[in-house]
Colleague: 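Supplied in structure tokens, the structure appears directly below.
What you see is a predicted model; the values in this text were computed from it and never measured. Count residues from 1 along the sequence.
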Amino acid sequence: MKRSLSLLTVSSTLLSFIAPSFIAPYQAIATPPRTPDKTVNCDVLVVGGGLSGVATAYEGLLAGKRVCLTEITDWVGGQISAQGTSALDERPTQRRRLFYSRGYLELRKRIKDKYGGLNPGDCWVSDSCFLPRDGHKVLNKMLKDAAREGRGKLRWFPNTVIKDLETTSDGKIINAAIAIQHKPAKGAAPLNTSPLSQTIEDAYNYDDSSKFAKTIIRFTPKRKQSNSPNWYIVDASETGEIVGLADVPYRLGIDERSYLEPSSSSISNDPYCTQGFTYTFAMEATQNAQKHDMPPFYMQYSPYYSYELQRLASFPLVFTYRRIWSPQQGAQMTFGGINFSTPTPGDISMQNWTWGNDYRPGTSQDNLIYTRQQLQSSGQLVPGGWKGGLRTEALRKAEEISLGYFYWLVAGTTDSQLGEGVKKPHPNHRFLSGLNSPMGTAHGLSKYPYMREGRRIIGRPSWGHSKGFMIWEIDISRRDYNDEYYRKTLSPSTYRSLRTALAGLETTSVILGRKDPSSVARRTRSTIFPDAIGIGHYAIDFHPCMTKSPPEAAGNTERKGERRGAGQAYPFQIALRAMIPQKIDNLLVAGKSIATSHIAAAAYRVHSFEWSAGAAAGTTAAFALKNNIAPYQLVDELPKIEPKLIELQRLLNQNNNPTAFPDTSIFNEKWDDWR
């Protein structure tokens, strides 16, 4: 479906300004309630101020571009700020060598400079746990410095959502994006007073309300039209919002089981089962016991809460897991083989726990991210109908389960997975709320939930990917596919295809019948992509959806088989083809919505990956503008040599944004140095 929006009558002057050989005329379909309040020109419009969006803007600014950055909240940083997960998920493989993108290294350096060390929280989940509000401050300063250094121009639009797109009649080019920015209405409460579920629908409504005064903004390109796109829109949102709004092909939830995704929990796709999402919150250890009132909805969610595993059944262990502030270090203790310092009064912990404040819907009755069919039936795919593509009720219940989890931590005595006698009350803690609290909200929950999975594009058909480019489970997983499970579960032909795909240098011999797939040792590295423009490394980490609706129902279980795909992954690459959607030539995708499968996405979602993907998107957009070439033209002749692609890769590496790990080669079948 083409999306377009005519805001004003297009004058003959404007029509003559557009090169007819490249841009088709506008298509008048919908009109907002009033003329836009302002028009803003950009070279690159970045939608979403999370880590991927910030990294996109950072590289665009260093390249001297005019960058417009929109964000639904008023903080940049996503995971490390507005979503509250300010604990950097990293693997020792990269951390040991500090093998990251230059901007991510700068972020780590500035955190260290800010606190006098990387880990002011003395957490044990990471080498760096810190206060979310400081994540925003550090990144905000980084963007300003990048603009000054690169002589770029940053236009920052907090509290702003994209409402509609204006495209050419053939749908290939986005000519403008229409946004709504909100601020408190006269006499209304400050922003971040109410949780997201109570404001999100209003944020996408053009009209002013009792809560918000709205500004309608029309984003357009700065450059004149040429024979290639004259600006780029980068979807760096948390759920693939522009992907859904633009209606480009994408996947959502579980992919069907195949030789590419052999650990899939379903023989067919299931778009409703995405990974759980989480409203984080901060709690402080106190000297004295606090009074805690049971939330009115607590009993609805109490059957869900649990320490999950016996080796994790320790309140001090859970509290220090993501402790983000620790002014004085307590005594050392060990539980479940994990060493940590005991909490002391004044310590602040951020909570993000699977059987705690994770909300994990998995059916069509309660899923958070609407499928294309749901978007269509709810009217969100008609011009002017977009409301963010999320189920508001799921957000509301996620907020409740999170608030209830705090009460369980301090007063609960039940455990859904471990039974009676395990959970004890721990009243010497208080819930931190207020606009000056770590989360920056009056209600104390993160400004936006931590998202682990969104819409994932299907790339364009290419060499070896006739149905559209995707990065699959077998491209990154270290799983032993000789396991009896795969021999029994997959058909003989599917299992043969699996072994063939993993044959490495001997693949050709297997395909030609010179070798039996079962006699060939599998490669022990990730797939090497000729169009690699970034890197990442993390385990395939699942927070599975629940089987029944509602997720918190007593006795409910995780979706059977969902954790089978979990496990270690090889250091992996980000392919340019994974960032180029179908249909639209001036849209790039960064962050969690690149073309990965459900299982691969469970590794392609953490902090350093998001930065690497954003750095690649920002560099690619600037490179494409400079060279008057569309990104898809950099890869459309693969596997032939693409000179401009090589030039882009060289530029990324020269800028210390690595495209491959050391010793990457098709002839290097092992990753021993990176284990």
Side-chain angles (χ1 to χ4, degrees), residues 52 89 91 93-94 238-240 243 249-266 269-271 273-276 369 451-459 462 464-465 467-481 486 497-498 501-502 522-529 531-545 559 561-581 589-610 612-613 616 660-661 671:
S52 211
D89 288 321
R91 298 299 293 168
T93 48
Q94 280 184 280
E238 301 301 323
T239 60
V243 168
Y250 60 88
R251 291 175 179 263
L252 189 60
I254 302 172
D255 300 294
E256 65 275 9
R257 189 179 302 140
S258 70
Y259 78 92
L260 298 167
E261 194 90 346
S263 301
S264 172
S265 62
S266 178
N269 70 303
D270 183 344
C273 180
T274 57
Q275 290 221 45
I369 305 172
M451 299 301 305
R452 296 181 177 87
E453 183 180 354
R455 298 177 183 88
R456 312 179 314 273
I457 63 166
I458 303 172
S462 66
H465 298 265
K467 296 182 179 180
F469 183 85
M470 293 284 286
I471 298 171
W472 296 95
E473 172 193 348
I474 65 168
D475 288 316
I476 67 170
S477 179
R478 286 171 55 179
R479 180 164 293 280
D480 179 11
Y481 294 107
Y486 297 98
S497 295
L498 168 63
L502 294 172
R522 69 157 294 184
R523 58 168 168 78
T524 53
R525 56 159 172 77
S526 61
T527 297
I528 296 173
F529 298 113
D531 55 335
I533 55 174
I535 59 169
H537 191 204
Y538 200 69
I540 301 172
D541 181 22
F542 270 102
H543 292 235
C545 75
R559 181 72 64 88
E562 266 291 271
R563 288 187 185 266
R564 173 163 291 279
Q568 295 302 310
Y570 297 111
F572 48 76
Q573 294 179 311
I574 303 166
L576 177 57
R577 285 170 293 171
M579 302 173 69
I580 302 174
V589 178
K592 303 179 186 74
S593 290
I594 69 170
T596 56
S597 71
H598 176 62
I599 291 176
Y604 280 81
R605 65 173 173 84
V606 295
H607 304 78
S608 64
F609 151 74
E610 282 215 22
S612 186
F661 286 91
W671 284 96

Colleague: Give me the atom names and distance for the closest heavy-atom approach of Ala501 to Ile474.
Modeller: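 Between these two residues, the closest heavy atoms are CB-CD1, 3.7 Å.
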Colleague: A side-chain contact here means heavy atoms from C-beta on lying under 4.5 Å apart; do Ile580 and Phe469 qualify?
Modeller: no
Colleague: Between Ile535 and Pro571, is any pair of side-chain heavy atoms under 4.5 Å apart?
Modeller: no
Colleague: To the nearest 0.5 Å, what is the distance between CG on Asp255 and CG on Asn269?
Modeller: 7.5 Å
Colleague: Where the side chain of His543 meets the backbone of Gln275, is there a donor-acceptor pair that is under 3.5 Å apart?
Modeller: no
Colleague: Does the gap between the ring centers of Phe609 and Phe572 come in under 6.0 Å?
Modeller: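 Between Phe572 and Phe609, which both carry aromatic rings, the centre distance is not below 6.0 Å.
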Colleague: How far apart are the closest heavy atoms of Ser52 and Gly591, and which atoms are they?
Modeller: OG-N, 2.9 Å
Colleague: Please report the interatomic distance CE(Met451) to OG(Ser593), rounded to the nearest 0.5 Å.
Modeller: 9.5 Å
Colleague: Which heavy atom of Met470 sits nearest to which heavy atom of Arg251, and what is that distance?
Modeller: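 Looks like CE-CD, 3.4 Å.
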Colleague: For Tyr250, what residues pass the ring pair (Phe, Tyr, Trp, His ring centres under 6.0 Å) criterion, not counting sequence neighbours?
Modeller: none
Colleague: To the nearest 0.5 angstrom, please state how far the CD atom of Glu562 sits from the OG atom of Ser266.
Modeller: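 If I round to the nearest 0.5 Å, the distance is 9.0 Å.
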Colleague: Return the set of residues passing salt bridge (charged side-chain N to carboxylate O under 4.0 Å, His left out) with Glu238 (not counting sequence neighbours), or none when no residue passes.
Modeller: Lys592
Colleague: Is any side-chain heavy atom of Ser597 closer than 4.5 Å to one of Leu260?
Modeller: no
Colleague: Find the distance between OH (Tyr570) and CZ (Arg523) and round it off to the nearest 0.5 Å.
Modeller: 8.0 Å
Colleague: I need the minimum non-hydrogen distance between Arg559 and Ser265, along with the two atoms involved.
Modeller: CG-OG, 4.5 Å
Colleague: Assess whether a salt bridge exists between Glu473 and Arg257, defined as any Lys/Arg side-chain N lying under 4.0 Å from an Asp/Glu carboxylate O.
Modeller: no
Colleague: Check whether any side-chain heavy atom of Val243 sits under 4.5 Å from a side-chain heavy atom of Pro581, and report yes or no.
Modeller: no
Colleague: Evaluate the salt bridge (Lys or Arg N to Asp or Glu O under 4.0 Å) criterion for residues Asp541 and Arg452: first the C-alpha distance (whole Å), next the side-chain angles of each, then the deciding distance (0.1 Å), finally the verdict.
Modeller: CA-CA 10 Å; Asp541 181 22; Arg452 296 181 177 87; 6.0 Å; no
Colleague: If we count only N and O atoms by modelled type, under 3.5 Å, do the side chains of His598 and Glu453 hold a donor and an acceptor together?
Modeller: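 Looking only at side-chain atoms, Glu453 and His598 do form a donor-acceptor pair, the distance falling under 3.5 Å.
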Colleague: Please report the shortest heavy-atom distance between Leu498 and Pro262, naming the atom on each side.
Modeller: CD1-CG, 4.0 Å
Colleague: If you take all heavy atoms of Gln94 and Gly536, which pair is closest and at what distance?
Modeller: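 Of all heavy-atom pairs spanning Gln94 and Gly536, the closest is OE1-C, 4.1 Å.
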Colleague: Find the distance between CZ (Arg479) and OH (Tyr486) and round it off to the nearest 0.5 Å.
Modeller: 4.0 Å
Colleague: How many angstroms lie between OG in Ser263 and CZ in Phe542, if you round to the nearest 0.5 Å?
Modeller: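 Spacing of OG (Ser263) from CZ (Phe542) equals 8.5 Å.
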Colleague: Would you find a donor on one side and an acceptor on the other, under 3.5 Å apart, between the side chain of Arg455 and the backbone of Thr239?
Modeller: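 Yes, Arg455 side chain to Thr239 backbone: donor-acceptor pair under 3.5 Å.
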Colleague: What residues, two or more places apart in sequence or in another chain, satisfy ring pair (Phe, Tyr, Trp, His ring centres under 6.0 Å) together with Tyr259?
Modeller: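 Partners of Tyr259 by the ring pair (Phe, Tyr, Trp, His ring centres under 6.0 Å) criterion come out as none, since no residue qualifies.
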Colleague: Do any N or O atoms from the side chain of Thr596 and from the backbone of Ile471 form a donor-acceptor pair under 3.5 angstrom?
Modeller: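 Pair absent, no side-chain N/O of Thr596 close to backbone of Ile471.
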Colleague: Please check this pair: side chain of Asp531 against backbone of Arg577, looking for a donor-acceptor N/O pair closer than 3.5 Å.
Modeller: yes
